[in-house]
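Report on the following structure.
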Amino acid sequence: IQAEHGTLQRRVMLRTRGRGVFREDSSWEIMLDRVIADRIETTPEFIAALPKNLSDAMRSLEFQGTLFVDASDVHFAAEPDPLRPIRASWQSTINIDNGRFTLAGQPVTNLFGEVKLSGRRQTQWVSYGRANFDTLTCNDVHLENVDAPWYMDDRRFVFGEAVRVNGKKTRNATGELFGGLVEGTG
């Protein structure tokens, strides 16, 4: 499937390929091998169209910017019981161009780079990965080459050493400042 939306100057392009299975018992699965979306503007309309948990997170962060999404192994499945939640899993890379958001009341601007993420939803949603930003500015401090592991679920967002992988701490978030290295966690 391939689609385009918008004006010539602000055209969003979407391409995907995959397959679906719809069973007699009303269960179904959709498996997308690849999903590519180019030049997504994070407008209020776009954010409102996202799944509730994701739109709530985007609103709370006050996120703005242009996105390029390249996802693989995107899987959705539903049981015959319509009251059971739809299960989902995904792996993707999101490139951010001139992003900005608010974290703990502090504006983060001049965000250029990528976020690699994997995630799943069964009874709750969980997403985790690594952020690699060429640049970002926080409290008028300009950082470069920021690298941060992160984790988010229905209840919390953590980054740096606070992230656990197989029960073990990851390393702190790092970035370059004035030729030196800064570390952080949260």
Side-chain angles (χ1 to χ4, degrees), residues 1 3 12 14-38 40 42-65 67-96 99 101-104 108 111 113-133 147-173 185-186:
I1 296 173
V12 175
L14 174 69
R15 292 187 306 269
T16 187
R17 69 173 184 248
R19 61 196 178 287
V21 177
F22 300 89
R23 298 182 187 91
E24 287 183 28
D25 67 358
S26 298
S27 65
W28 54 266
E29 287 183 80
I30 296 175
M31 295 136 303
L32 303 173
D33 303 322
R34 189 96 188 259
V35 177
I36 296 175
D38 192 12
I40 299 171
T42 55
T43 63
E45 296 82 11
F46 170 77
I47 291 171
L50 294 171
K52 183 175 176 2
N53 289 347
L54 185 54
S55 67
D56 288 349
M58 295 283 278
R59 279 190 197 101
S60 71
L61 291 171
E62 301 173 4
F63 186 88
Q64 298 175 25
L67 308 177
F68 171 83
V69 178
D70 186 353
S72 62
D73 299 322
V74 179
H75 185 249
F76 299 96
E79 301 294 327
D81 180 356
L83 299 178
R84 304 244 354 207
I86 294 173
R87 295 183 322 276
S89 62
W90 59 88
Q91 293 182 39
S92 64
T93 299
I94 301 172
N95 287 292
I96 302 169
F101 64 94
T102 303
L103 183 63
V108 178
L111 190 59
E114 70 178 18
V115 176
K116 292 186 179 285
L117 61 109
S118 297
R120 66 185 178 282
R121 179 180 188 272
Q122 294 189 6
T123 56
Q124 71 170 2
W125 69 275
V126 171
S127 196
Y128 51 90
R130 182 161 230 94
N132 294 294
F133 299 122
D147 180 30
W150 60 272
Y151 171 93
M152 182 187 304
D153 63 25
D154 286 337
R155 299 178 320 270
R156 64 191 175 123
F157 171 80
V158 295
F159 66 92
E161 193 176 69
V163 176
R164 302 280 192 264
V165 176
N166 297 325
K168 296 180 183 176
K169 289 182 183 180
T170 59
R171 64 182 184 74
N172 277 338
T185 193

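Values reported hereafter were calculated over all heavy atoms of this structure, with side chains retained and with hydrogens, waters and symmetry mates removed.
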Donor-acceptor contacts, no H, no angles, side chain residues 80-92, under 3.5 Å, sequence neighbours left out:
residue : atom : partner : partner atom : Å
D81     : OD1  : L83     : N            : 2.9
R87     : NH1  : E79     : OE2          : 2.3

To the nearest 0.5 Å, what is the distance between [atom1] on [X] and [atom2] on [Y]?
X	Y	atom1	atom2	result
R121	D153	CZ	CG	13.0 Å
I96	L67	CD1	CG	6.0 Å
F63	I47	CZ	CD1	8.5 Å
H75	M31	NE2	CE	5.5 Å
I36	L14	CD1	CG	9.5 Å
Q64	T43	CD	OG1	10.5 Å

Does any non-hydrogen side-chain atom of [Y] lie less than 4.5 Å from one of [X]?
X	Y	result
E114	F68	no
V69	V35	no
L61	F157	no
Y128	P149	no

**Message:** Keeping T93 on the side-chain end and D70 on the backbone end, is there a donor-acceptor pair under 3.5 Å?
**Reply:** no
**Prompt:** Taking S72 for the side chain and R34 for the main chain, is one N or O donor matched with an acceptor at less than 3.5 Å?
**Reply:** no
**Message:** Whether the T102 and E62 side chains hold a donor-acceptor pair (N or O, under 3.5 Å, no angle test) is what I'd like checked.
**Reply:** yes
Testing the basics here: between [X] and [Y], what is the closest heavy-atom pair and its distance to 0.1 Å?
X	Y	value
Y151	V163	N-CG2, 3.9 Å
W28	S26	CD1-O, 3.7 Å
F159	A173	CD1-CB, 3.9 Å

**Request:** Answer yes or no: is there an ion pair linking R15 with D38, defined by an N-O contact shorter than 4.0 Å?
**Result:** no
